[in-house]
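Notes follow once the structure below has been shown.
We number each residue from 1, following the sequence as shown. Just follow the structure's listing: the first ligand is 1, and inside any ligand the first atom is 1. These values consider heavy atoms only, across backbone and side chains, with no hydrogens, waters or symmetry-generated copies.
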Amino acid sequence: MRLVLLGPPGAGKGTQAHRLAERYDLSLIATGDIFRWNVQNDTELGREARAFMEAGELVPDDVVVRMVVEALENLRDGFILDGFPRTLVQAEALEAALQERDCPLSAALLFQLHDEVAVKRLAGRRTCPTCQRTYNIEFHTPRVDMLCDFDATPLVQRKDDEEHTVRHRFEVYQAAAEELHRFYAERGLVRIVDADGSEDEVVERAVNALDDLAERSKSRGR
Ligand code: AMP
């Protein structure tokens, strides 16, 4: 299975990506995580991306596409891309790279959520800087106050989760969302997942959508 995850910031794509990757044994590429690692480690890529990220802007397409195409080289057959593509240019570049390898996408999961719910989720989000797992001060607290359940690292608020940056990230998302969704709808790849609910409920909806997809492609192959 080869998947891209679409949807607004705050829809829970990162968490869902981890859960789905585990369940279906898929490689996971999360472009935001790769950038954050590079910023933390002060690499050339990190220095290129930092200012864009802190302002809630997109990193330029050529930089992101190069990074993802390189990552695809080392992947097993099944993968999930989280946070990519975010523009039409990126979607077209991905399609070309996958066509070259003769391994087209299986689906684009679109996590849908109302803006106000998403803003609330993001403003309360706290992230583990070590493993990038996310929590929420209201809905998903860690077992021990402000420490990651998995590696006990103190949780932080990402700079781009501060409220004024969150609002800007929404505008950036909305500017590209419509044409991006149309691109995948035209290819019959969009599967809508209602992202309003608990983490487990949303995973279950995504799993149902994917199992349905697997069932259909099996019956087409018969
Ligand atoms: P995320 O964790 O996916 O919200 O990504 C955090 C930040 O990384 C974004 O606000 C962008 O600055 C940058 N970024 C991640 N993925 C992309 C992408 N596909 N295109 C451009 N910028 C990206």
Residues 105-115 side chain polar contacts: donor-acceptor under 3.5 Å, at least two apart:
unit_1: Ser106; atom_1: OG; unit_2: Arg2; atom_2: N; d: 2.8
unit_1: Ser106; atom_1: OG; unit_2: Arg2; atom_2: O; d: 3.3
unit_1: Asp115; atom_1: OD2; unit_2: Gln174; atom_2: NE2; d: 3.1

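For ligand 1, the protein residues placed under 4.0 Å by at least one non-hydrogen atom are Thr31, Gly32, Phe35, Arg36, Met53, Glu57, Leu58, Val59, Val64, Gly83, Phe84, Arg86, Gln90, Arg158, Asp160, Arg169.
Look at Glu73 and Arg101 and you find a salt bridge, because one of the NZ, NE, NH1 or NH2 atoms lies within 4.0 Å of a carboxylate O, short of that distance. A salt bridge is defined here as a Lys NZ or Arg NE, NH1 or NH2 lying under 4.0 Å from an Asp or Glu carboxylate O, and Glu138 with Arg121 fails to meet this definition. Using a 4.0 Å cut-off between a side-chain N of Lys or Arg and a carboxylate O of Asp or Glu, Lys120 and Glu116 do not qualify as a salt bridge.
Residues Thr87 and Asp61 bring a donor and an acceptor atom of their side chains to less than 3.5 Å of each other.
Each of Thr134, Asn136, Asp161 was checked for a side-chain hydrogen bond (donor to acceptor under 3.5 Å, both in side chains) with Arg125, and the lone residue meeting it is Asp161.
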